[in-house]
Amino acid sequence: MGRSSRACSVLGSALLLLLLSLGSAAAQKGSTWKTLSGKAPAIIAKGGFSGLFPDSSGNAYQFVGIASSPDTAISCDVWLTKDAVGICLPNINMDNCTTISDQFPQGKKTYNVNGVSTAGWFSVDFTITDLQNVTLKQSILSRPYYFDGLWPIVPVDAVLSQFKVPAVWLNVPLDSFYSQFKLNMRSYILSLTKQYIVDYISSPEVNFLTSISGRVSKKTKLVFRFLDERSIEPSTNQTYGSMLKNLTFVKTFASGILVPKNYIWPVTPDNYLLSYTSVVDDAHKAGLEVYAAGFANDFAISYNYSYDPLTEYLSFIDNGAFSVDGVLSDFPITPSEAVGCFSNLNDSKIDHAKPLVISHNGASGDYPDCTDQAYQKAVADGADVIDCPVQVTKDGIPICMSSIDLMDVTTVATSQFATPAVTITDLKPVPGVFSFNLTWDDISKNLKPMISNPLSKFQLYRNPRNKNAGSFMRLSDFLAFAKDKDLSGIMITVEVRI
Ligand SMILES: *[C@@H]1O[C@H](CO)[C@@H](O)[C@H](O)[C@H]1NC(C)=O
Ligand SMILES: *[C@@H]1O[C@H](CO)[C@@H](O)[C@H](O)[C@H]1NC(C)=O
Ligand SMILES: *[C@@H]1O[C@H](CO)[C@@H](O)[C@H](O)[C@H]1NC(C)=O
Ligand SMILES: *[C@@H]1O[C@H](CO)[C@@H](O)[C@H](O)[C@H]1NC(C)=O
Ligand SMILES: *[C@@H]1O[C@H](CO)[C@@H](O)[C@H](O)[C@H]1NC(C)=O
Ligand SMILES: *[C@@H]1O[C@H](CO)[C@@H](O)[C@H](O)[C@H]1NC(C)=O
Ligand SMILES: *[C@@H]1O[C@H](CO)[C@@H](O)[C@H](O)[C@H]1NC(C)=O
């Protein structure tokens with residue numbers, strides 16, 4: 001990340017002030033965007049500010065105007081009721097995101113949805129009047145439930161007319177499904193486009209987009225949505241994975257594609273980032289814009305991003321090789337920052353007269369505390385000052401160690417030194433193996449560092465591949481390391497005196 005990220009975190013802490021001057025995210029900058037148009041990437045608030053308020057609620061849509069850059073668009077997944085009214089909801093099963101099952105306990109049905117038998121409460125079984133007392137709730141259960149049951153379902157035409165937003169994105173998850181209910185999604189969408197400006201229309205169904213292509217305003221961008229690579233696209237009977245190799249075909253009916261973010265930056269099952277794919281390049285070569293979906297600040301992101309969602313956005317929009325043309329986010333304020341403040345920074349122009357950044361046990365979020373690797377990463381990440389908490393060994397050698405009890409940050413528990421553990425109530429209420437009872441050789445030759453996991457009780461673990469990485473440092477090693485680095489200083493802390 002380098003120094004640019006540090007300069008920006010200062011901006012980030014003054015975020016509210018900053019937003020007032022964000023303006024059209026990157027308009028003020030000399031453009032170096034590697035998007036198809038050369039313009040700044042678009043930001044689309046998925047279902048409004050759905051990370052905080054129930055997805056597709058009026059409040060989620062309204063909040064985008066308050067807490068995102070002013071060019072942020074809002075999106076709505078369109079479903080049809082029994083009486084052909086379009087409504088916005090994040091899931092085909094209304095029970096996932098509304099109080100429908102309280103109002104209509106008998107309303108559960110099973111339908112064939114593009115070849116998959118699916119059970120739930122479906123919009124096609126209810127009229128808009130039936131739904132008047134049904135309210136929205138959070139579909140992601142880890143998010144705040146305080147706003148559940150408060151607000152009604154929002155009709156699509158309200159999204160197009162009632163919110164002060166610069167652009168609206170309608171996603172049509174299903175088209176052919178509706179014919180079994182004598183409903184017609186195509187007619188509904190075309191009637192909307194006669195009354196309102198719809199900036200984007202996306203769908204995962206080729207036939208739907210083909211059937212409206214040429215019948216909507218030239219200003220409306222038609223976007224083909226890729227689902228999971230192994231799922232079958234219902235009109236062509238091909239997998240989305242194979243359609244990805246046929247982008248010239250996609251270009252015949254769409255101006256862009258919407259892909260899950262892992263199409264671009266795949267991750268391993270254990271959540272490490274692989275090299276980026278050629279999707280953005282291929283699509284840009286075919287003349288297609290690329291929109292990436294699946295961004296949220298509270299989803300587990302790859303360890304490579306050090307738990308920092310901003311870094312993730314930057315890897316999609318400002319990586320030196322390509323930029324996606326837009327991102328769909330549940331927390332649009334974060335891509336607003338990424339686009340408006342943290343992209344295209346030129347290190348040599350950054351004013352370094354900013355508050356000091358002091359590491360805490362080195363880059364201890366990525367590597368075990370106070371190891372050579374933790375300090376190397378801290379320097380690479382742009383810390384001004386690196387810190388060494390000093391403990392002393394039995395043979396009188398000062399070492400950098402974040403705890404006097406080696407149980408906390410080393411593998412001593414599984415070593416020959418695990419016993420006898422001693423209780424020194426002045427230091428700790430429970431038994432420990434203390435640095436002053438082992439020599440430097442005991443420690444450096446027999447033990448390994450252990451990454452700290454302060455939030456393990458919430459099942460949040462730090463970089464597991466690095467959990468025993470790196471080597472211990474004596475104070476003298478630390479001083480030698482720091483000597484030729486571009487630092488403002490070092491910080492030595494003495495936490496316990498014997
Ligand atoms: C909604 O609630 C109102 C007031 O309780 C009631 O009069 C109305 O019948 C309800 N509508 C439906 C569809 O349940
Ligand atoms: C709703 O659906 C989403 C997406 O499939 C899922 O992640 C979530 O857990 C579901 N929520 C509930 C309350 O069932
Ligand atoms: C691309 O897809 C179209 C429509 O399914 C098909 O007719 C065509 O053969 C495909 N081309 C390639 C190269 O796969
Ligand atoms: C799609 O493939 C399935 C199974 O291979 C076949 O039964 C079906 O007729 C195909 N549909 C179309 C539209 O080609
Ligand atoms: C992500 O981190 C892993 C483990 O440190 C590393 O092997 C991999 O190369 C990184 N991925 C990228 C794209 O840098
Ligand atoms: C960064 O800024 C410096 C000084 O203004 C300039 O010389 C350099 O060319 C710039 N680099 C880039 C990549 O824009
Ligand atoms: C640990 O060190 C203290 C202080 O030097 C000493 O009093 C104690 O006996 C030692 N305990 C063990 C188990 O080595």
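Not measured: the values here are computed from a predicted model. We count ligands from 1, going down the list as the structure has it; atoms in each ligand are counted the same way.
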Item to check | Neighbour count >12 (heavy atoms, 6.0 Å) for atom OH, Y145 | outcome: no
Checklist entry - Has ligand 2 got any nitrogen or oxygen that is less than 3.5 angstrom from a nitrogen or oxygen of S139? => result yes
Checklist entry - So, F322 versus Y276, ring centres under 6.0 angstrom or not? => result yes
Item to check | Lys/Arg cation over aromatic Y272: R465, 6.0 Å, 45° cone | outcome: yes
Item to check | Under 4.0 Å from ligand 5 - residues by heavy atom, chain and number | outcome: W265, Y272, L273, L274, N304, R465
Checklist entry - Sulfur to sulfur, is the gap between C388 and C400 shorter than 2.5 Å? => result yes
Checklist entry - Should the pair Y313 and F295 be assigned to parallel (<30°), tilted (30 to 60°) or perpendicular (>60°) ring geometry? => result parallel
Checklist entry - Roughly how far, to the nearest 0.5 Å, is the CZ atom of R225 from the CG atom of N171? => result 5.0 Å
